[in-house]
Amino acid sequence: MKFAIAEKLHEKYLADVVTEISQDSLWRKKLFEGQFNEQFLITCKKLEELPCHLWSPFSQYSLEFFVSKIYSCPEGPDGGCILFEFKAKGFPHLVSQVKVSELTKRDVPT
């Protein structure tokens with residue numbers, strides 16, 4: 001795939017990846033249990049690890065992203081939070097972050 005087209009596709013699907021992965025219980029478990037700044041590869045080579053909404057674009061366009069837990073916010077009245085960071089592999093300028101409540105850890109399967 002041409003570089004410019006691949007870049008546009010990663011940019012197009014970044015928001016979907018952020019939404020689906022940050023809400024998926026298995027990925028949340030992996031991220032909460034992982035070390036800070038430990039990068040996990042989201043790839044079409046492991047479709048079984050992806051939420052089903054991402055299967056089609058990942059398999060069709062060979063998308064790859066990194067996700068990591070990068071920051072822990074101090075606890076407040078509503079509990080603490082964790083910041084997940086998503087980066088398109090090969091396109092370091094395509095980055096998105098999402099704040100996730102630590103209270104939702106209880107929703108993660110053990």
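Note: hydrogens, waters and symmetry copies are ignored here, and every other heavy atom, side chains too, is used. The structure presented is a predicted model; accordingly, all values stated were derived computationally and were not measured.
- Atoms CD1 and CG, from Ile21 and Leu26 in turn, are 10.0 Å apart once rounded to the nearest 0.5 Å.
- Residue Phe84 comes nearest to Ser22 through the heavy atom pair CD1-CB, 4.2 Å, listed as atom of the first residue, atom of the second, then distance.
- Taking every heavy atom of both residues into account, Val100 and Phe32 meet most closely at CG1-CZ, 4.0 Å.
- For the atom pair Phe36 CZ and Ser68 OG, the distance stands at 10.5 Å (nearest 0.5 Å).
- Leu50 and Phe66 are members of different hydrophobic clusters when ILVMFWY side chains are connected at heavy-atom separations under 4.5 Å.
- Here the OH-CG distance, from Tyr71 to Asn37, works out to 12.5 Å after rounding to the nearest 0.5 Å.
- To the nearest 0.5 Å, atoms OG (Ser96) and NZ (Lys87) are separated by 12.0 Å.
- Counting all heavy atoms, side chain and backbone alike, Trp27 lies closest to Ile42 at CH2-CG1, 3.7 Å.
- The two atoms that bring Cys44 and Ser62 nearest to each other are SG-CA, 3.8 Å, heavy atoms only.
- Hydrophobic clustering keeps Ile82 apart from Val95 (ILVMFWY residues linked when any side-chain heavy atoms are closer than 4.5 Å, directly or through intermediates).
- For the side chain to side chain contact (heavy atoms under 4.5 Å, CB included) with Phe40, the lone residue among Glu49, Lys69, Lys30 that qualifies is Lys30.
- Contact between Pro57 and Leu54 at its shortest, heavy atoms only, is CD-O, 3.3 Å.
- Hydrophobic clustering (ILVMFWY, side-chain heavy atoms < 4.5 Å, transitive): Trp55 and Leu9 are in one cluster.
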Step-by-step side-chain contact (heavy atoms from CB on, under 4.5 Å) determination, Phe65 to Val18: CA-CA 10 Å; Phe65 293 86; Val18 170; over 6 Å; no
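- In the hydrophobic clustering of ILVMFWY residues, with side-chain heavy atoms under 4.5 Å counting as a link, Leu83 and Leu31 come out apart.
- Separation of atoms NE2 (His53) and CZ (Phe58) is listed at 14.0 Å; rounding is to 0.5 Å.
- With rounding to the nearest 0.5 Å, the separation of OG1 in Thr19 from CG in Leu14 is 9.0 Å.
- With Lys89 as reference, Glu64 is the one residue of Gln39, Glu64, His10 to meet the side chain to side chain contact (heavy atoms under 4.5 Å, CB included) rule.
- The shortest heavy-atom contact between Leu94 and Glu11 is CD1-N, 3.8 Å.
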